[in-house]
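Labels below follow one simple rule: chain letters A, B, ... track the order of the sequence lines, proteins then strands, and each chain is numbered from 1.
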Protein chains: 2
Amino acid sequence: MASPFAERGNAVDVEEGAEFAPKFDARGLIPAICTHADSGEVLMFAWMNAEALAATLHDGLATFYSRSRGKLWRKGETSGETLCVVEARTDCDQDVIWLKVLPQGRGAACHTGRKSCFYRIIAREGGGFRLAFSDDATPLFDPKDVYGGK
Amino acid sequence: MASPFAERGNAVDVEEGAEFAPKFDARGLIPAICTHADSGEVLMFAWMNAEALAATLHDGLATFYSRSRGKLWRKGETSGETLCVVEARTDCDQDVIWLKVLPQGRGAACHTGRKSCFYRIIAREGGGFRLAFSDDATPLFDPKDVYGGK
């Protein structure tokens, strides 16, 4: 199948143009940031290959590439926690994707059952650092119930 | 100098613990997402090595690792567009950093002079895609004035 994406032009084309020519890294992947479309909170970060990116933009449901499983991963296919894409953007270099999403299901985008993967704040302590759980770090589901022994 | 970060434990330690044990990739880098602390808008995405991450968390000024220049890069050192960090988080796997920042200078985090690097929306068009400039895509400075011939 022909690629739905444009060929990369020069820097001016990439930064100032209207052609979408995403840059995939040496592994064929591009990073994707998902934020909640209403609150702006960062929910998760994952990687896409060209097929996952095309599927996400075509269907409006966030789809990633699982590096550990080596295959396409429609977010929520096991948990029911799908992410509807209400807007997708790319950056100046077209090598990052930003998705504004509305979480479905219980609204827990993280595999730990939490709303967001970013449930811990980095705090300075002495010469080092500690993590403090945010106020909304309570899991909305028990991963054991959803993923079984996995 | 001893690392200010903890050793990585097992998955439960990493996901549910209070020790900050960031995971750097094979290149020694970790991705960092910067959002505006007030609006929630994603401003930029960049990479940090251990030294950049420690400097950012220690000093409260976003510092990255420039892959193209092969060195530490205090964001804004040339442009004046520094980013003050008001909160830093990590994700479940501790392999991504989220910084909530307040931009200084003219408030243009992007090297093109724009407020955010994510100034274009991906739109479906026919079987492919096009980019539409967002309403606030007007540059706040001319890169030629700031970076010269670079």
Side-chain angles (χ1 to χ4, degrees), chain A residues 2-6 15-22 31 33 35-36 38-42 44-46 53-54 56-58 60 85 87-100 110-112 114 116-134 143, chain B residues 2-6 15-22 31 33 35-36 38-42 44-46 53-54 56-58 60 85 87-100 110-112 114 116-134 143:
Chain A
S3 169
F5 308 122
E15 293 181 359
E16 302 295 335
E19 294 216 307
F20 182 43
I33 302 160
T35 64
H36 193 294
D38 293 331
S39 72
E41 184 178 11
V42 179
M44 61 177 290
F45 171 91
L53 177 58
T56 296
L57 297 173
H58 189 271
V85 178
E87 191 180 283
R89 294 190 178 211
T90 193
D91 71 334
C92 43
D93 300 329
Q94 300 199 35
D95 61 0
V96 182
I97 303 296
W98 170 20
L99 302 178
K100 299 183 186 180
C110 182
H111 78 285
T112 66
R114 295 178 175 93
S116 160
C117 294
F118 294 85
Y119 48 84
R120 287 172 299 182
I121 299 156
I122 306 167
R124 281 179 68 160
E125 190 183 76
F129 305 98
R130 294 282 288 175
L131 296 176
F133 283 72
S134 68
Chain B
S3 169
F5 308 123
E15 293 181 358
E16 301 297 335
E19 294 214 310
F20 182 43
I33 302 160
T35 65
H36 194 293
D38 292 331
S39 71
E41 183 178 14
V42 179
M44 61 175 290
F45 172 91
L53 177 57
T56 297
L57 297 173
H58 189 271
V85 178
E87 190 180 283
R89 295 190 177 210
T90 192
D91 71 334
C92 43
D93 300 328
Q94 300 199 35
D95 60 1
V96 183
I97 303 296
W98 171 19
L99 302 178
K100 298 183 186 180
C110 182
H111 78 287
T112 66
R114 296 178 174 92
S116 160
C117 294
F118 294 84
Y119 48 85
R120 286 173 299 181
I121 300 158
I122 306 167
R124 280 178 69 161
E125 190 184 76
F129 306 97
R130 294 282 289 175
L131 297 176
F133 282 73
S134 68

With a 4.5 Å heavy-atom cut-off, do B/Arg89 and A/Ser134 have their side chains touching? yes
Cut-off 4.5 Å, heavy atoms of chain B, and the answer for A/Tyr119 is both
Checking heavy atoms, do the side chain of B/Arg124, its backbone, both or neither come under 4.5 Å from chain A? side chain
Give, as side chain, backbone, both or neither, the part of B/His36 having an atom under 4.5 angstrom from any heavy atom of chain A. neither
Side-chain touch A/Phe118/B/Ile33, heavy atoms, less than 4.5 angstrom: yes
Once the angle between the rings of A/Phe45 and B/Phe45 is folded into 0 to 90°, is it parallel (under 30°), tilted (30 to 60°) or perpendicular (over 60°)? parallel
Residues, nucleotides or ligands: over 12 heavy atoms within 6.0 Å of B/Glu19 CD: no
Using a cut-off of under 4.5 Å on heavy-atom pairs, state which of A/Cys117, A/Gly128, A/Gly40 scores highest against chain B. A/Cys117
Check: B/Arg120 side chain, A/Glu15 main-chain N or O, donor-acceptor pair, under 3.5 Å: yes
Which atoms of A/Glu87 are under 4.5 Å from chain B, going by heavy atoms: the side chain, the backbone, both sets, or neither? side chain
Is any NZ, NE, NH1 or NH2 atom of the basic residue among A/Arg114 and B/Glu16 found under 4.0 Å from an Asp or Glu carboxylate oxygen of the other? yes
So for B/Glu125, is it side chain, backbone, both, or neither that comes closer than 4.5 Å to the heavy atoms of chain A? neither
Given the options A/Thr90, A/Val96, A/Asp93, A/Ile97, which has more heavy-atom pairs under 4.5 Å with chain B than any of the others? A/Thr90
Relative to the ring of B/Phe129, is the ring of A/Phe5 parallel (under 30°), tilted (30 to 60°) or perpendicular (over 60°)? parallel
Measuring only between side-chain heavy atoms, which start at C-beta, is B/Met44 closer than 4.5 Å to A/Cys92? no
For chain B, which candidate among A/Thr35, A/Asp95, A/Thr112, A/Asp91 shows the most heavy-atom pairs at distances under 4.5 Å? A/Asp91
Highest number of heavy-atom pairs under 4.5 Å with chain B among A/Ala132, A/Gly17, A/Ala6 belongs to A/Gly17
Within-4.5 Å side-chain heavy-atom neighbours: A/Leu131 and B/Gln94: yes
Nearest-0.5 Å distance that lies between atom CD1 in A/Ile122 and atom OG1 in B/Thr56: 10.0 Å
With a 4.5 angstrom heavy-atom cut-off, is it the side chain or the backbone of A/Arg130 that approaches chain B, or both, or neither? both
